[in-house]
Amino acid sequence: TLGVLVVSLLALWSAVLILDRTLRQDMETSISAQQFSTVSMIASELDRSIRERQQIVKTIADNYRSALLNDSPAAQATLEQYPLPESIFNWGLIILDKQGVAVASMPRDIKRTGVSFLDYPHTKEVLNGAGSVTSDPLISEHSQQPVIVMMSPIHDEHQQVVGIVVGVTNLQQPNFL
């Protein structure tokens with residue numbers, strides 16, 4: 001009887017250990033799948049948000065009349081006709097001329113009009129015909145704040161790059177990320 005009891009206990013412990021290992025593996029697999037699904041969904045939404053903002057900047061650039069770049073008040077008035085919610089670009093939009101100088105900026109209280117952005121990352125590339133660009137996070141030389149910028153070229157009637165529309169997202173303020 002003692003032998004039967006020992007064998008029964010060994011069989012029971014073996015079954016518990018095997019069941020524990022199987023359940024642990026099943027839980028790890030299930031949790032991994034849920035985490036992957038969540039991360040994939042967040043990444044998909046982030047990608048959609050970035051593409052949406054890139055398209056907004058491109059649409060403004062495509063519709064912007066190059067003649068306005070020589071008239072800062074007219075450039076400012078035209079820029080203000082694009083009523084974007086702050087959630088799109090929490091630090092607004094900037095219009096740069098061919099020299100990389102801001103001729104218009106929203107919101108006005110940041111005071112970027114007249115500032116040269118020529119030495120900022122990607123400005124020269126876009127002015128030289130590289131097309132639309134989204135920067136890596138960087139520290140703005142103007143404000144010393146971490147930002148992401150989305151740039152799209154403004155073309156004249158001969159398809160020459162004559163300026164840039166820049167959408168700015170300050171990473172220290174509430175934003176789409």
Side-chain angles (χ1 to χ4, degrees), residues 1-63 82-96 100 102 105-107 109-112 115 117-153 161 164-177:
T1 60
L2 184 62
V4 172
L5 184 61
V6 169
V7 169
S8 295
L9 281 174
L10 284 175
L12 185 60
W13 284 342
S14 296
V16 167
L17 289 174
I18 291 171
L19 186 59
D20 178 59
R21 180 173 292 153
T22 303
L23 286 174
R24 183 180 311 271
Q25 288 174 343
D26 287 350
M27 281 194 323
E28 287 175 358
T29 301
S30 177
I31 290 169
S32 291
Q34 288 174 351
Q35 288 176 341
F36 182 77
S37 175
T38 301
V39 167
S40 295
M41 187 174 68
I42 292 169
S44 176
E45 176 59 24
L46 183 59
D47 187 54
R48 185 203 59 77
S49 293
I50 290 171
R51 279 187 276 117
E52 176 185 49
R53 283 157 179 79
Q54 289 169 329
Q55 185 59 45
I56 288 169
V57 170
K58 184 177 180 336
T59 299
I60 292 170
D62 289 347
N63 294 324
Y82 295 98
L84 292 177
E86 192 173 296
S87 62
I88 300 293
F89 293 108
N90 66 7
W91 254 23
L93 295 167
I94 308 170
I95 304 296
L96 305 180
S105 173
M106 279 188 348
D109 61 336
I110 299 178
K111 298 184 183 353
R112 296 177 286 207
V115 174
F117 290 88
L118 189 60
D119 292 328
Y120 272 57
H122 307 295
T123 301
K124 289 178 184 173
E125 293 173 36
V126 176
L127 286 171
N128 289 328
S132 296
V133 173
T134 299
S135 76
D136 290 332
L138 57 97
I139 300 295
S140 168
E141 296 171 23
H142 178 68
S143 65
Q144 302 305 309
Q145 299 287 314
V147 297
I148 293 177
V149 297
M150 296 180 186
M151 300 179 173
S152 192
V161 177
I164 304 174
V165 174
V166 183
V168 185
T169 300
N170 183 331
L171 298 175
Q172 284 191 327
Q173 295 182 353
N175 60 69
F176 72 97
L177 298 173

**Q** Nearest 0.5 angstrom please: Ile94 CD1 to Ile164 CD1, how far?
**A** 10.0 Å
**Q** For residues 32-49, please give each side-chain donor-acceptor pair under 3.5 Å, one per line with the distance, not counting sequence neighbours.
**A**
from  : atom 1 : to    : atom 2 : distance (Å)
Ser32 : OG     : Glu28 : O      : 2.9
Thr38 : OG1    : Gln34 : O      : 3.0
Ser40 : OG     : Phe36 : O      : 2.9
Glu45 : OE1    : Arg48 : NE     : 3.2
Glu45 : OE2    : Arg48 : NE     : 3.4
Glu45 : OE2    : Arg48 : NH2    : 2.5
Asp47 : OD2    : Arg51 : NE     : 3.0
Asp47 : OD2    : Arg51 : NH2    : 2.8
Ser49 : OG     : Glu45 : O      : 3.1

**Q** What's the shortest heavy-atom distance between Val126 and Gly131, and which atoms?
**A** CG2-O, 3.4 Å
**Q** Tabulate below the donor-acceptor pairs under 3.5 Å that side-chain atoms of residues 12-22 make, not counting sequence neighbours, or state none.
**A**
from  : atom 1 : to    : atom 2 : distance (Å)
Ser14 : OG     : Leu10 : O      : 2.8
Thr22 : OG1    : Ile18 : O      : 2.9

**Q** Rounded to the nearest 0.5 Å, how far does CG of Asn128 lie from NE2 of His122?
**A** 13.5 Å
**Q** Mind checking what makes side chain to side chain contact (heavy atoms under 4.5 Å, CB included) contact with Lys111, not counting sequence neighbours?
**A** none
**Q** Which atom names give the shortest non-hydrogen contact between Asn90 and Asn170, and what distance separates them?
**A** OD1-N, 2.6 Å
**Q** Can you give me the closest heavy-atom contact between Val166 and Met151, atom names plus distance?
**A** CG2-CG, 4.0 Å
**Q** Might you point out which heavy atoms bring Thr123 and Phe117 nearest each other, and give the distance in Å?
**A** OG1-O, 2.9 Å
**Q** Show the nearest heavy-atom pair for residues Gly129 and Val161, with the distance to one decimal.
**A** CA-CG2, 4.1 Å
**Q** Distance-only criterion, 3.5 Å: show the donor-acceptor pairs between side-chain atoms of residues 132-141 and protein atoms not counting sequence neighbours.
**A**
from   : atom 1 : to     : atom 2 : distance (Å)
Ser132 : OG     : Ser152 : OG     : 2.9
Thr134 : OG1    : Gln54  : NE2    : 2.7
Ser135 : OG     : Val149 : N      : 3.0
Ser140 : OG     : Tyr120 : OH     : 3.2
Ser140 : OG     : His142 : N      : 3.2
Ser140 : OG     : Ser143 : N      : 3.2
Ser140 : OG     : Ser143 : OG     : 3.2

**Q** Does Ile110 have any side chain to side chain contact (heavy atoms under 4.5 Å, CB included) partners at least two apart in sequence or in another chain, and if so, which?
**A** Trp91, Pro107, Arg112
**Q** With sequence neighbours left out, what residues match Gln55 under side-chain hydrogen bond (donor to acceptor under 3.5 Å, both in side chains)?
**A** Thr59
**Q** Evaluate the side-chain proximity of Ile50 to Met150: yes if any heavy-atom separation is below 4.5 Å, no if none is.
**A** yes
